[in-house]
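What follows is a short report on a single structure.
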Amino acid sequence: MAERFTKSMARNIYLGGSAFFVLLFLALTFDTQSRAMPERDNRDQITEQVVRGKHVWEENNCIGCHTLMGEGAYFAPELANVFDRRGAGDSAVFKSFMNAWMNAMPTNVPGRRQMPQFNLTDQEIEDLAEFLEWTSKIDDNNWPPNIEG
Amino acid sequence: MRYESQRVAMPYFIFALILFAGQIVFGLVLGLQYVVGDFLFPEIPFNVARMVHTNLLIVWLLFGFMGATYYLVPEEAQTELYSPLLAWILFWVFAVAGTLTILGYLFVDYATLADVTMNKLLPTMGREFLEQPTITKIGIAIVAVGFLFNILMTALKGRKTVVNIVLITGLVGLAALWLFSFYNPSNLTLDKYFWWFVVHLWVEGVWELIMGAILAYVLIKITGVDREVIEKWLYVIIAMALISGIIGTGHHFFWIGPPEYWLWLGSVFSAIEPLPFFMMVLFAFNMINRRRRNHPNKAAMLWAMGTAVMAFLGAGVWGFLHTLAPVNYYTHGSQITAAHGHMAFYGAYVMIVLTIISYAMPIMRGRPYGNSNTAQVLEMWGFWLMTISMVFITLFLTGAGILQVWLQRIPESGQALSFMATQDHISLFYWMRFVAGCFFLSGLAVYFGSFFIKGQASPSEEVRGPATEDA
């Protein structure tokens, strides 16, 4: 690099640049969290059941195989829109699907990917279904592109 | 090695490499489960193997960073480490806690693990990469505080170099951002938003400072180029890393709830994210071209060049491939993401740790000029086998990802193949990825083998003075 460009100039770009962008990021985070998200994440719909469902989701490490809003492992289907895909957007249909599905696992078909049997209670399965239904209604800029996730 | 206390880096490096081997073995298990779905089921389900694979990666890289820090901070500061004893105690605390956590994943059902570690009191488990029981997370935080205390006390009593300042800034950032792992609100969109404060701001933020500082240190040592020049480069690189990377977090906010302006911010800033990695390539090759000595440890030089190139390809090019919002709309959460993740982690962070190990380990073993020629040749074979295998792993996963997007994402609902049907169609790519993974393991074995060859490089191989006429 040219001699005109000194080390202290480089340091000032680093300090000034990172300070500026840290502050900008904090400001954007504040705007996102205080203004935008309440409009988009239907937080008023978070019931006790949804909260319990999130714990069921976490304590069984579902993210270790599935994606949720595209994040997680890529071994098993996306579940942010499973309410639409498997429940056709109907709570009762989705709950009965979830119950049947969770109790049928694992399929034990030789050579096929297997989902463990988590031994969830009916209540836990219903909580999980509520959580996934709530998740499906977050405004996520219309992702995924189609019903298959 | 000028200070006896630098030697405390040794157990950190050795343990890091052992965990690395474990990570690769579980990577192969996962690779096989992708095509033989019931492999090891129900003993080791996919989610368990994946948790072991990714958590081992994180933990061994942290061991590598800590080893690197213990080695280079005293030398840069020109003083002994504040407390080698504390470094040893924290080594055992972290090693035992890490091992117990991994064994917990393997031998206890995850829901039971959550139960016995009292996850209910402060629920933090069950989120990608942050699967550790809360008690382990607290342990990591405590180890980090003790480690930083030791390092800060060392750095403050000695010479303050740019390498030390940048490295320590990165480590403080790493520890501070870790605190977000304890924040797990019941609102999923908030949970995800701040989850990225750990994950993204680590690997595309403060870890780049750590990587830059280690690379700068090794280049100072093996090229003999004036420190002033190297430090100027380092500042510019980390400036670009943070200027692009902080708002670049926005590329993770496209589809998880935050508003649409992130589509623009994330796309524009992450388009700049390859730049610091490209500058690292220029930096490494420039410094080596202008070298004032020919260090006999050629393997270390190869790793230094390799990490710059592979980080640029993996983090820079493969990141950019799918980072623009209109592209990411189709590729988000597909095998393209996996392809990028593999090469980026290998190129940037695995290879920088192997670079410092390659440079420092022979010195700590009483071989100041590096290992014998035979050992170096073997180490370089390990380098090429692992690196080329990783290139193929990345290419095969990219192929799988493109086909996945084509079959599952692009067609309209009704025409698109389901996730599982798509997986069947791309299984050939998964098989090839598995084969490439086996080559990676063989490369790792060769690399390990190089540690067991006796002898050292001779000082007579060192050519002092300008290596090229214009240097």
Side-chain angles (χ1 to χ4, degrees), chain A residues 1 5-7 10-11 13-14 17-18 21-22 24-25 28-29 32-33 36-37 40-41 43 46 50-51 54-55 57-65 67-78 106 108 110-114 116 118 135 138-141 143-149, chain B residues 33-34 36-38 41-42 45-48 50-51 110-111 114 119 123 125-128 131 186-190 192-193 228 231-232 235-236 238-239 242-243 246-247 249 254-260 263 265 329-330 332-335 337-338 408-413 416-420:
Chain A
M1 268 179 273
F5 185 69
T6 63
K7 190 172 95 182
R11 187 186 58 218
I13 294 175
Y14 162 61
S18 41
F21 283 103
V22 166
L24 179 62
F25 186 61
L28 288 166
T29 293
T32 298
Q33 293 304 338
M37 296 284 258
R40 298 169 61 90
D41 62 14
R43 59 184 62 183
I46 302 179
V50 171
V51 174
K54 185 167 184 276
H55 287 147
W57 169 267
E58 288 167 355
E59 294 189 348
N60 292 283
N61 194 30
C62 308
I63 205 82
C65 291
T67 49
L68 190 64
M69 308 183 93
E71 296 169 359
Y74 320 114
F75 189 68
E78 165 65 39
N108 286 320
R112 298 291 296 176
R113 295 181 191 177
Q114 297 296 316
F118 291 103
T135 302
I138 296 166
D139 180 354
D140 55 4
N141 294 327
W143 194 87
N146 65 38
I147 196 77
E148 301 300 343
Chain B
Q33 285 180 335
Y34 255 95
V36 184
D38 56 354
F41 188 86
F46 182 89
N47 71 312
V48 172
R50 183 180 196 264
M51 204 159 46
Y110 192 76
N119 189 54
M125 291 173 73
R127 296 174 301 152
E128 192 186 8
E131 295 93 347
S186 37
N187 182 340
L188 181 73
T189 60
L190 272 151
K192 282 177 173 288
Y193 189 94
E228 284 289 307
E231 289 172 342
K232 187 158 67 178
Y235 270 134
V236 176
I238 60 170
L242 293 186
I243 287 170
I246 293 173
I247 307 293
T249 317
F254 293 165
W255 327 116
I256 60 170
E260 283 169 29
L263 297 176
L265 287 168
Y329 184 63
Y330 292 101
H332 178 55
S334 71
Q335 292 297 324
T337 317
Q408 181 197 322
R409 290 272 171 82
I410 290 183
E412 299 283 318
S413 298
L417 281 189
S418 73
F419 178 90
M420 287 310 296

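Numbered from 1 within each chain, the chains take letters A, B, ... in sequence-line order. Just so you know, these numbers come straight off a predicted model, no measurement behind them. Because only heavy atoms are used, hydrogens play no part in the values below, and waters and symmetry mates are left out as well, while side chains stay in.
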**Request:** Give the intermediate values and the outcome of side-chain contact (heavy atoms from CB on, under 4.5 Å) for residues B/L242 and A/Y14.
**Result:** CA-CA 8 Å; B/L242 293 186; A/Y14 162 61; 3.7 Å; yes
**Request:** Under the side-chain contact (heavy atoms from CB on, under 4.5 Å) rule, what do B/H332 and A/E71 come out as? Steps first, then yes or no, please.
**Result:** CA-CA 8 Å; B/H332 178 55; A/E71 296 169 359; 4.2 Å; yes
**Request:** Dump the intermediate steps for side-chain contact (heavy atoms from CB on, under 4.5 Å) on B/L188 and A/M69, then the final yes or no.
**Result:** CA-CA 10 Å; B/L188 181 73; A/M69 308 183 93; 4.1 Å; yes
**Request:** Please step through side-chain contact (heavy atoms from CB on, under 4.5 Å) for the pair B/Q335 and A/Y74, ending with a clear verdict.
**Result:** CA-CA 7 Å; B/Q335 292 297 324; A/Y74 320 114; 3.5 Å; yes
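Only the backbone of B/L417 comes within contact range of chain A, with heavy atoms under 4.5 Å apart. Within the 4.5 angstrom heavy-atom criterion, atoms from both the backbone and the side chain of A/N61 approach chain B. Residue B/R409 touches chain A through both its backbone and its side chain, counting heavy-atom pairs closer than 4.5 Å. Looking at B/P259, the atoms closer than 4.5 Å to chain A (heavy atoms on both sides) sit in the backbone and in the side chain alike. Both the backbone and the side chain of A/I13 come within contact range of chain B, with heavy atoms under 4.5 Å apart. With a threshold of 4.5 angstrom between heavy atoms, A/R40 approaches chain B through side-chain atoms but not through N, CA, C or O. For B/A239, the parts lying under 4.5 angstrom from a heavy atom of chain A are both the backbone and the side chain. Only the side chain of B/Y193 comes within contact range of chain A, with heavy atoms under 4.5 Å apart. Of the atoms belonging to B/M125, it is backbone heavy atoms, and not side-chain ones, that fall under 4.5 Å from chain A. If you measure heavy-atom distances from A/S18 to chain B, the contacts under 4.5 Å come from both the backbone and the side chain. Of the atoms belonging to B/S334, it is backbone heavy atoms, and not side-chain ones, that fall under 4.5 Å from chain A.
Between the side chain of B/E412 and the main chain of A/N146, no donor-acceptor pair closer than 3.5 Å is present. A donor-acceptor pair is defined here as one N or O able to donate and one able to accept, closer than 3.5 Å; no such pair exists between the side chain of A/D41 and the backbone of B/G257. Of the possible donor and acceptor atoms, none in the side chain of A/T32 sits under 3.5 Å from a partner among the backbone N and O of B/P258. Distance alone, capped at 3.5 Å, places no donor-acceptor pair between the A/R113 side chain and the B/D38 backbone.
With a 4.5 Å cut-off on side-chain heavy atoms, B/N47 and A/F75 do not count as touching.
Interatomic distance, B/E231 CD to A/K7 NZ, rounded to the nearest 0.5 Å: 3.5 Å.
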